[in-house]
Number of protein chains: 2
Amino acid sequence: MGGRTSKRSVTIRDVAERAQVSISTVSHAFSGVRPISRATRDRVFSAAAELGYDANPSARSLRTGRSGLVGLVLRPRYAVAHTRDRAETFNRLVGSVATEMLRRKVGLIHVPALDDPAVASVPMDGCIVAHPYGGDSVVSELLRRNVPLVTIEEDPERPDLPWAVRLDYTTAVTGLLDHLHHQGAGRIVLLTGSEDNAWNRRTRETHRDWCERNGQRARTELLSESLSAGSAATRVRRLLTAARRPDAVVVATSDFAAVVAGVAGDLGLRVPEDLMIAALTDSEHSRLATPPITAMDLSHEQLAAAGVELMLARLAGAATPHAPVVVDPELRFRASTRRIDGSP
Amino acid sequence: MGGRTSKRSVTIRDVAERAQVSISTVSHAFSGVRPISRATRDRVFSAAAELGYDANPSARSLRTGRSGLVGLVLRPRYAVAHTRDRAETFNRLVGSVATEMLRRKVGLIHVPALDDPAVASVPMDGCIVAHPYGGDSVVSELLRRNVPLVTIEEDPERPDLPWAVRLDYTTAVTGLLDHLHHQGAGRIVLLTGSEDNAWNRRTRETHRDWCERNGQRARTELLSESLSAGSAATRVRRLLTAARRPDAVVVATSDFAAVVAGVAGDLGLRVPEDLMIAALTDSEHSRLATPPITAMDLSHEQLAAAGVELMLARLAGAATPHAPVVVDPELRFRASTRRIDGSP
DNA sequence: CTGAAAGCGCTAACAA
DNA sequence: TTGTTAGCGCTTTCAG
């Protein structure tokens with residue numbers, strides 16, 4: 001039934017008519033680009049207010065070539081994987097970027113699917129890609145389209161992309177391994193992930209270099225992020241019951257670090273006395289484990305803030321930086337690696 | 001220097017020229033709206049591919065009147081307040097909405113500032129407002145603009161807005177109070193928040209009704225969400241050292257619930273024996289407190305999923321629902337209210 | 001200080 | 001099966 005109000009929205013033309021001026025005057029009254037007499041301005045504004053006028057953003061963008069929006073893409077693994085651990089990482093990063101953008105009053109747009117041409121094009125002036133893979137296809141696509149790009153964490157295959165924020169894994173992971181060593185670890189094993197991104201690559205490299213410098217053989221095992229907790233537990237059990245079992249494990253994801261703690265408990269291994277455990281990302285899994293697990297916090301908030309700042313600078317026409325912005329991961333030492341009283 | 005490739009992007013016109021067809025053929029080839037001969041299609045597509053053509057989203061939206069984007073507004077308190085507790089809530093909600101939208105391949109856009117006319121207009125087909133205030137101004141503005149609106153939690157002053165998802169506080173809070181009562185609480189005090197939203201309003205109402213039914217005087221104190229932990233502690237200390245101190249407190253925010261636990265400890269009150277504590281929202285504060293604090297989880301993920309679904313239904317032309325979608329908060333019983341062994 | 005008019009890139013009649 | 005063309009609502013010359 002009945003007479004719903006017409007949905008056709010009011011345009012600059014309606015305002016012009018009502019204020020008895022030309023459309024260009026209306027436009028200028030709002031943009032302030034050229035001087036308008038006091039009286040005219042007032043007429044325009046009140047006409048606009050009475051009519052409930054709002055500029056059509058698409059028309060404006062079409063004309064100016066800019067939308068005032070920044071896109072955000074998080075590589076799929078997060079959105080797909082649904083463990084609590086991954087969600088926390090995803091939420092923290094998305095939340096931080098959103099908060100930061102809100103603070104600066106710039107619209108943020110989650111790009112749904114750059115690969116699907118049907119929904120591929122969103123009106124964005126630039127795009128932030130977080131945690132790209134090596135030779136990332138989204139990065140390639142954006143470069144091809146000439147969309148101003150900032151990456152949060154570098155694409156490991158494109159270390160020379162200067163518009164990037166990166167984490168200094170070398171310092172942090174070295175610090176962690178030194179700590180384990182200092183606490184008496186003799187046989188450290190790294191359980192690395194299978195995702196081909198900076199996080200896995202750089203932490204592996206740092207571990208390898210550290211072992212080399214300390215005259216140890218770099219023992220590494222793959223523990224894919226796609227594993228279920230159960231399968232992970234099986235693999236960990238095998239590792240911990242093997243002949244020369246490690247006395248310290250560094251696990252990429254914190255949910256699997258918690259799995260290690262659980263398996264250790266089952267096997268009667270005391271943490272940290274018999275086995276030390278550390279994670280390369282922090283989450284509630286590591287904080288709530290018994291004992292709480294030492295972890296490297298990836299400083300998502302700082303990554304987000306730096307990424308947003310870089311993007312806005314880029315859009316404002318800043319000069320190309322010489323090198324990526326560096327953010328430090330933060331080591332959170334907890335009971336799982338504290339053998340010596342009073343140590344960090 | 002010099003000679004950077006022209007940034008002017010390739011348009012439908014360029015593709016038409018290269019493929020030796022008209023622009024409408026190009027348009028139709030992509031939209032599939034009308035049949036195109038196999039040969040022509042191929043020519044168009046390869047021309048497009050060679051040129052690197054992508055449709056201009058603003059031009060399309062201007063023409064069609066739809067952008068394919070959904071807006072999201074979270075009322076300011078979250079973005080402004082920066083305690084860990086609030087950030088967790090914000091992140092969880094934003095993250096859940098984003099995940100849900102990504103899953104459905106619809107673009108999501110964080111609306112920066114609806115009040116600021118300079119940046120007010122973003123191209124959205126509809127808008128989700130989460131946790132509106134009573135008589136919320138953003139809701140008013142959106143209604144005025146005729147933007148299809150879905151609220152996550154109802155605007156308490158507009159309980160009749162049917163496009164909404166709401167939490168059933170009555171059941172959950174009654175359950176919580178019954179639980180406290182069953183565990184032997186005699187003097188329950190509600191520490192409510194000052195934000196005027198459904199959460200505070202409904203939980204207060206439910207508490208009042210429950211007390212009435214149980215022949216108790218409804219004791220309520222205001223503990224503003226804007227307080228620092230220190231000021232909150234001062235007020236809580238006053239409450240707990242007063243003449244007839246409560247033997248159970250229900251605190252709105254979980255960070256202040258943790259503050260209560262801290263103060264209780266200082267005063268030598270045992271939890272839960274001397275004092276039971278519960279929170280009306282869950283977060284790491286409640287989970288990590290000693291002892292862990294019973295809390296009502298606000299089911300943000302479900303709220304988000306339901307809100308997104310409702311919005312997409314609305315945009316797809318679904319009939320106006322008769323009533324809001326109802327989501328249940330989930331009670332998480334923990335040691336802070338567990339006096340009797342074997343109880344939930 | 002103000003107006004007229006071109007045109008951003010696209011879709012959808014309308015024609016053929 | 002394909003082409004021509006009129007706008008969508010705005011900004012921005014170019015004239016006055």
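Across the protein-nucleic acid pair, A:Arg66 atom CZ and C:dC8 atom P stand 17 Å apart, rounded to whole Å. In this structure, CG of A:Asn56 is placed 6 Å from C1' of D:dG9, rounded to the nearest angstrom. Between the CZ atom of B:Arg63 and the C1' atom of C:dC10 there is a distance of 8 Å, rounded to whole Å. Between the P atom of D:dC8 and the CG atom of B:Asp125 lies a distance of 19 Å, rounded to the nearest Å. The CD1 atom of A:Ile23 sits 15 Å away from the P atom of D:dG7 (whole-angstrom rounding). A:His28 places its NE2 atom 12 Å from the P atom of C:dT2, with the value rounded to the nearest Å. Computed from coordinates, the B:Asp14 CG to C:dG9 C1' distance equals 10 Å when rounded to whole Å. Here C:dG3 presents its P atom at 10 Å from CD of A:Gln20, a figure rounded to the nearest Å.
Here A:Ser37 reaches the OP1 or OP2 of C:dT2: one of its side-chain N or O atoms lies under 4.0 Å away. Between A:Ser22 and C:dG3 there is a side-chain polar atom (N or O) within less than 4.0 angstrom of OP1 or OP2.
Residue side chain B:Ser24 reaches the base of D:dG3 through a donor-acceptor N/O pair under 3.5 Å, judged by distance alone. Not a single donor-acceptor contact under 3.5 angstrom links the side-chain atoms of B:Arg34 to the base of D:dT1.
Looking at the side chain of B:Arg13, the nearest of the listed nucleotides D:dT2, D:dC10, C:dC10 is C:dC10. For A:Ile36, taking side-chain heavy atoms from C-beta onward, the closest of the listed nucleotides C:dT2, D:dT2, C:dG9 is C:dT2.
No more than 12 heavy atoms of other residues, nucleotides or ligands sit less than 6.0 Å from atom CZ of A:Arg66. When the shell of 6.0 Å around CZ of B:Arg201 is examined, it contains more than 12 heavy atoms from other residues, nucleotides or ligands.
Across all strands, A:Phe30 comes closer than 4.0 Å to no nucleic acid atom at all (heavy-atom distances). Among the heavy atoms of the strands lying under 4.0 Å from B:Thr40 are primed sugar atoms or P, OP1, OP2 only; no base atom is included. Backbone-only contact: A:Thr64 has heavy atoms under 4.0 Å from sugar-phosphate atoms and none from a base. Among the atoms of the strands shown, base atoms are found under 4.0 Å from some heavy atom of A:Ser27.
Checking B:Thr40 against B:Ser37 by side-chain atom types alone, a donor-acceptor pair falls below 3.5 Å.
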- request: Apply side-chain hydrogen bond (donor to acceptor under 3.5 Å, both in side chains) to A:Ser22 and A:Thr25, showing your working.
  value: CA-CA 5 Å; A:Ser22 72; A:Thr25 298; 3.2 Å; yes
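The residue among B:Val33 and B:Leu62 whose nearest nucleotide of DNA chain C is located toward the 5' end is B:Leu62.
Here the CD1 atom belonging to A:Ile128 is positioned 9.5 Å from the CD atom belonging to A:Glu100, to the nearest 0.5 angstrom.
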